[in-house]
Amino acid sequence: MFYVPKDAVYSRVSRRKFLELGGGAASALGVGSLTLGLGSTVTRSRVQAASSDDAKWKQYSGSKLVFMSENTPPSFAIRDNIKAFTDLTGIDVTILTDDLPVVQQKVGIDLRGGKSDYVLNYVQDKPIGAPFADFYADLTPMFGDNTLPQDADGYGDDAWFENFLSACGRFYTEGKIIALPYDAAIACTFYRQDLFEANSKDFEAEYGYRLEFTKDTTWKQVTDMAAFFKKAKEAGKDVPYGYAQHQGSFAWTTQLDIQRMLFANGRWIDWPVDDKLGSKTPGKTNWGDEQSILTMTRFKELADVSHPDNLANGTLELNTVYQSGNIAMQVQYHEFAASIEDETKSRAAGGKTAYAVCPKGEASWIKNGGEAVNGTNCGIGGIGINNNASEDLKRAAYIFAIWSVSRENQFNVLKGLGGTPTRKSVLAMDEVKKARVRPTTMPNALTFEPVYDYGIKDPHFVLGPKIPQANEYHSILAAEVQKCCSGEQSPEDTCKSLQSQLDELNGAG
């Protein structure tokens, strides 16, 4: 547990005042960025520990900060509401947003080049945190610094959902925290409950069990369901295809897609290392073992009965396919519920979609002696501070970081744009509790039971691999998996090729 200062902001500033300053309702998704120019600058007025809260918030008034972020709901909402932060602190913040691979490239150049043009970074756990962890400031000395404003909810593990602080904040060592959980994308199952109910009788006649989805539904049963819908579709019945995978060009989400099935069956992971912390020296990979070959075989079988454009569907495309009514089921990230429930754009809206945990492992598929779990993975985006910056710039950036992940900001992003909270206290709010059931004004809250109440908890949660070569690993795995799914090479050859390439990548060959 981290120390929470007695003069934390919520105990000294009224909730109403804090809402006025930092928690205004998120407006519609904005375009463009504030035109303050690139490069962070700092102006400081020294404060003492006994200074007023107002002085602590305003000690860097006149400073300019640049935050480079993925185009994610909190960043759009905060950018649209940035005047509230400037009014509170006197600090101007430029928020630049782009696709994650572009963000990864730009912050990588900045960090490794010894610069701090982007003093604040969106630290997505594996793609950005894993390769660049050593270039970020350790936030722990600032957590209890009573010359800085602090958050009454604190920053320890208990303030966030299970595993979140480790996911985006801890890399390769326990004590250092490089980022605070900013937003989350947790996998869960979206399925057309109306189509399941309408076709259950025919499905049961063929497979001997009901067409339904529960926490005990296995990956084998998902393959059965996909095969059933494909056969019916191709026979001329007015139904969509049953399923589609995350393939496409974004290698990380292809890796996450097969990782879910691998972990569900025996809790298999790529390297025998601590999955939460990762490792700079992971050693020899587990690819090529009996379990990986069997799971790859089953993954290929699922691909064979998926939507015909399966190999072209990345995460965004896959959600569009589901939203347009062309598949009956997808394993998708919970932030997409907001788009699914938009009745002006989605054929899956209006109570047609139900949300459940990720599929469970199949006992007959487990060869490594492990357990069958509902393998659930994620992307946890953090907000971190470039360690190349001066100490005062880091302190000014910290003020923005803690404000951006406050309960009130997360609540208003959830209400306004369909954000995904990382603080437990958001789910404890009465309005959020009510939003978890239909009818709801916060559609992402419909996913909270399978995601926050179940999927992110051990033994179901899988994070890794957090290794310095994470992005090279993603590219290698996606290329090999797609060769397998297209029939270019066998599952066994795929796993052996991955074994060879990954051992060479990590110097373990």
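Positions are given from 1, in the same order as the sequence printed here.
- Ring geometry, Y452 versus H334: the interplanar angle exceeds 60°, so the pair is classed perpendicular (tilted spans 30 to 60°).
- Checked for salt-bridge contact, D453 and R436 meet the test: a charged N lies under 4.0 Å from a carboxylate O.
- The two atoms that bring I186 and C378 nearest to each other are CD1-CB, 3.4 Å, heavy atoms only.
- Rounding to the nearest 0.5 Å places CD of Q501 at 4.5 Å from CD of E480.
- Residues F190 and F336 form a side-chain contact, since some pair of their non-hydrogen atoms from C-beta on lies under 4.5 Å apart.
- Judged purely by atom type and a 3.5 angstrom limit, Y398 uses its side chain to pair as donor or acceptor with the backbone of M142.
- With hydrogens and angles ignored, the 3.5 Å screen pairs a side-chain donor or acceptor of N310 with a backbone N or O of Q245.
- Annotation: side chain of T285 is in contact with side chain of W271 (closest heavy-atom distance under 4.5 Å).
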Could you go through the side chain to side chain contact (heavy atoms under 4.5 Å, CB included) check for T97 and R79 one step at a time? CA-CA 10 Å; T97 60; R79 186 171 65 189; 3.3 Å; yes
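- Between I340 and Q330, some side-chain heavy-atom pair lies under the 4.5 Å cut-off.
- Around atom CZ of R347, no more than 12 heavy atoms belonging to other residues, nucleotides or ligands sit under 6.0 Å away.
- Side-chain atoms of D138 and T140 include a donor-acceptor pair closer than 3.5 Å.
- For the atom pair OG1 of T253 and CD1 of I258, the computed distance is 13.0 Å after rounding to the nearest 0.5 Å.
- In the displayed structure, K424 atom NZ is contacted under 6.0 Å by more than 12 heavy atoms of other residues, nucleotides or ligands.
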Dump the intermediate steps for side chain to side chain contact (heavy atoms under 4.5 Å, CB included) on L393 and L65, then the final yes or no.
CA-CA 8 Å; L393 262 178; L65 306 175; 3.7 Å; yes
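- K115 and N386 are not linked by any side-chain donor-acceptor pair at a separation below 3.5 angstrom, with hydrogens and angles left out of the test.
- The neighbour count for E449 CD, taken as heavy atoms of other residues, nucleotides or ligands under 6.0 Å away, does not exceed 12.
- Of the listed residues (N471, D98, N121), just one forms a side chain to side chain donor-acceptor pair (under 3.5 Å) with Q104, and that residue is N471.
- We find the SG-CD distance between C358 and Q332 to be 10.5 Å, quoted to the nearest 0.5 Å.
- With hydrogens and angles disregarded, a donor-acceptor distance shorter than 3.5 Å links the side chain of Q59 to the backbone of K56.
- A salt bridge does not link K434 with D430: every distance from a Lys NZ or Arg NE/NH1/NH2 to an Asp or Glu carboxylate oxygen is 4.0 Å or more.
- Judged by distance alone, the side chains of T376 and Y454 never bring a donor and an acceptor atom under 3.5 Å apart.
- Electrostatic pairing of R44 and E391 does not count as a salt bridge here, judged by no charged N lying under 4.0 Å from a carboxylate O.
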Please test Y333 against L256 for side chain to side chain contact (heavy atoms under 4.5 Å, CB included), starting from the C-alpha separation and ending with a verdict.
-> CA-CA 11 Å; Y333 302 100; L256 289 170; 3.3 Å; yes
Steps toward side chain to side chain contact (heavy atoms under 4.5 Å, CB included) verdict (N444, T420): CA-CA 7 Å; N444 281 357; T420 50; 4.0 Å; yes
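- In this structure the side chain of I95 reaches within 4.5 angstrom of the side chain of F400, judged on heavy atoms.
- A donor-acceptor contact shorter than 3.5 Å links the side chain of S346 to the backbone of A348.
- The main-chain N or O of L277 is found under 3.5 Å from a side-chain atom of D274 such that the two form a donor-acceptor pair.
- Classified by interplanar angle (parallel below 30°, tilted 30° to 60°, perpendicular above 60°), the ring pair Y182/F67 is perpendicular.
- No donor-acceptor distance shorter than 3.5 angstrom exists from the side chain of T147 to the backbone of Q48, with no hydrogens or angles considered.
- Two residues are said to be in side-chain contact when any heavy atoms from C-beta on lie closer than 4.5 Å; P465 and I269 fail this criterion.
- Between W252 and F250, the angle of the ring planes goes over 60°, which puts this pair in the perpendicular group of the 30/60° scheme.
- Rounding to the nearest 0.5 angstrom, the gap separating the OG1 atom in T189 from the OH atom in Y355 is 12.0 Å.
- In this structure, the side chain of D151 engages the main chain of D153 through a donor-acceptor pair within 3.5 Å.
- Side-chain contact between M429 and Q410 is absent, with no heavy atoms from C-beta onward closer than 4.5 Å.
- No hydrogens or angles considered: nothing links the side chains of N506 and Y473 as a donor-acceptor pair under 3.5 Å.
- Side-chain atoms of R395 and D145, non-hydrogen and from C-beta on, do get closer than 4.5 Å to each other.
- In terms of heavy atoms, Q124 sits closest to G379 at OE1-C, 3.2 Å.
- Of all heavy-atom pairs between I178 and C168, the closest is CG1-O, 4.0 Å.
- Without hydrogens or angle criteria, H460 side chain to V373 main chain gives no donor-acceptor distance under 3.5 Å.
- When every heavy atom of A55 is checked against every heavy atom of V47, the shortest pair comes out as O-CG1, 3.5 Å.
- Side-chain atoms of Q482 come within 3.5 Å of backbone atoms of G248 as a donor-acceptor pair (strictly under, hydrogens ignored).
- Taking OG1 of T89 as the reference point, atom CD1 of I399 lies at 7.0 Å (rounded to 0.5 Å).
- A donor-acceptor contact shorter than 3.5 Å links the side chain of D110 to the backbone of Y118.
- Among D275, N163, N377, the single residue meeting the side chain to side chain contact (heavy atoms under 4.5 Å, CB included) criterion with L463 is D275.
- Residue L96 holds its CG atom at 4.5 Å from CE of M68, rounded to the nearest 0.5 Å.
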